[in-house]
Participant: 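Okay, here's the structure, questions in a sec.
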Protein chains: 2
Amino acid sequence: MSSNDLDTARDRIIEAAGEIFAERGFEATTVRDICQAAAANIAAVNYYFGDKQRLFVETVLTAHRWRMDQAALPNWTADTPPRKKLADFIATFIRRVRTGPKDTWQNRLIMREMMRPDAACAEVVRDSIRPQFEILLGILRALLPEDTSAESLHLTAFSIVGQCLFYHFADPVVRHLVDDIEYAEFSIDKLACHIANFSLAALEYTARHVDAETAT
Amino acid sequence: MSSNDLDTARDRIIEAAGEIFAERGFEATTVRDICQAAAANIAAVNYYFGDKQRLFVETVLTAHRWRMDQAALPNWTADTPPRKKLADFIATFIRRVRTGPKDTWQNRLIMREMMRPDAACAEVVRDSIRPQFEILLGILRALLPEDTSAESLHLTAFSIVGQCLFYHFADPVVRHLVDDIEYAEFSIDKLACHIANFSLAALEYTARHVDAETAT
DNA sequence: TATTGATTGAAACAGTTGTTTGAAACAGAT
DNA sequence: ATCTGTTTCAAACAACTGTTTCAATCAATA
């Protein structure tokens, strides 16, 4: 999003809408606030996007495209070991997801919308989340026995992304649970390293003890 | 919450408000919908609570008190193995957290408000979340080597609760990623079983290979 | 310059929001 | 029955919402 792109009213509206949507959510955001922040007329939203809902969808999709370009997966060769692929995936994923003071409205908006089951969510899942999900499943297939069921594969994938997403969704809670010094030490690299270790350990263990049972 | 408590309009309003607030959030909820669901007059909200905002605060506090009364963790004896404790903890945690038709609005409301750092829910973290967190840390201390650092302990705990919280926060995405048949199979027991297996495997592996390193 | 099409502007629209009003209905005590 | 304080009700309030309208403005082309 170079500064040149902001000279048209349409782009200014998306930029302003993204920040306000990310901060207050869809319902609490008014088109008047958006247009005022974008230095555009009230009618501009309906002129360019039809209605508020479609502006919202367009904003979410724009945010997602932007986010995908920011932190891309490294280029893997044919002989890249799956363990390395998984570590790369986790590091990239947590880099995309982690919020902070320097966080962009694109990230906050996507995260907020993951919990809102509506049209925008469905499109984002189809266009952007599912491809990433399939990449992860491919990595896990190489790390787990061949007869692993699709369901187990999915649950394992959810366990991995769940660990990453936690540091976004529960960030206010994390901030209260550990002291400030330790919180400051939670760098992206450290979190990614821990999650990769934790998950790889679980995978290597279960890969040997197929059909592990819960302690009872 | 016996049916006797719903006699007064005030209690009916809190009950209805809790369900709608938990589902749609504060902004998207109208006092008209609340009063209609509570079979009360429009003026009742302002009569009993002053305004919509104070009704909301009262509802969150009520949900918090209700959740505190739910003694969900089973009674452990001195010789209950830590593995069993961890499995119990995970099952209880995911049962509290999981969103679904059978879930209570009290849980969903607390979960929703957990991500508002500015709200007065910092005390909810202090009164309700931290004690649970300390319980989990105690279990993990028994499962990990004694020289495990506090930071590693915390990261491990976050990995576990992160897996559980995922199914709450990312539920709409999960619904789109797997087909309906598989989604219907994601019972609370199955999810809890998987997360316990995954986490115990990771713990048992790292307990042997202290200071595991990321594959590079 | 005149014309065309795209964009902007201020005002108004119809509907909904949270809130208030004042009278009616109620219950219990004198 | 009368008085008291509490609770309910329908109606209306003022403010705000997303959206529409239509004239004004602008840029480029013939």
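Every chain is numbered from 1 and lettered A, B, ... according to where its sequence line falls, protein lines coming before strand lines.
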Participant: Return the value, rounded to whole Å, for the distance between atom CZ of B:F49 and atom C1' of C:dT20.
Facilitator: 18 Å
Participant: Measure from the side chain of B:Y47, starting at C-beta and using heavy atoms only, and say which of D:dT6, C:dA12, C:dA6 lies closest.
Facilitator: D:dT6
Participant: Any heavy-atom pair between the side chains of B:P74 and B:T80 that's under 4.5 Å?
Facilitator: no
Participant: Let me know the distance between CZ of B:F26 and P of C:dT17, rounded to the nearest Å.
Facilitator: 13 Å
Participant: Which nucleotide in the set C:dG18, C:dT8, D:dG18 lies at the smallest distance from any side-chain heavy atom of A:T30?
Facilitator: D:dG18
Participant: Describe the nucleic acid contact of A:Y48 in one word from base, sugar-phosphate, nothing, applying a heavy-atom distance below 4.0 Å.
Facilitator: sugar-phosphate
Participant: Using the benzene-type ring in the case of Trp, are the ring centres of B:F198 and A:F158 under 6.0 Å apart?
Facilitator: no
Participant: In whole angstrom, what separates B:N46's CG from D:dC13's C1'?
Facilitator: 13 Å
Participant: Under the side chain to side chain contact (heavy atoms under 4.5 Å, CB included) test against A:F166, which residue among A:I94, A:D171, A:V174 passes?
Facilitator: A:V174
Participant: Given C:dT20, D:dG18, C:dG9, identify the nucleotide with an atom nearest to the side chain of A:V31.
Facilitator: D:dG18
Participant: Between A:G50 and B:I42, which has a closest nucleotide on DNA chain D that is more 5'?
Facilitator: B:I42
Participant: Using a 6.0 Å distance limit plus a 45 degree cone around the ring axis, check whether B:K52 lies over the aromatic ring of B:F26.
Facilitator: yes
Participant: For B:Y183 and B:R175, which I'm curious about, is there any donor-acceptor pair between the side chains at under 3.5 Å?
Facilitator: yes
Participant: Rounded to the nearest angstrom, tell me the gap between atom CZ in A:R54 and atom C1' in D:dG18.
Facilitator: 13 Å
Participant: Rounded to the nearest angstrom, tell me the gap between atom CD in B:E27 and atom C1' in D:dC16.
Facilitator: 13 Å
Participant: Heavy atoms only, 4.0 Å cut-off, all strands: where does A:A43 land among base, sugar-phosphate and nothing?
Facilitator: base
Participant: Out of D:dG18, C:dT20, C:dG18, which nucleotide sits closest to the side chain of B:R32?
Facilitator: C:dG18
Participant: On DNA chain C, nearest-nucleotide positions of B:D51 versus A:A40: which is more 5'?
Facilitator: A:A40
Participant: What is the distance, to the nearest angstrom, from the CD1 atom on B:I13 to the P atom on D:dC9?
Facilitator: 11 Å
Participant: Without decimals, in angstroms, what is the distance between B:N41 CG and C:dC26 P?
Facilitator: 15 Å
Participant: For A:D11 and C:dT7, what is the distance between atoms CG and C1' respectively, to the nearest whole Å?
Facilitator: 15 Å
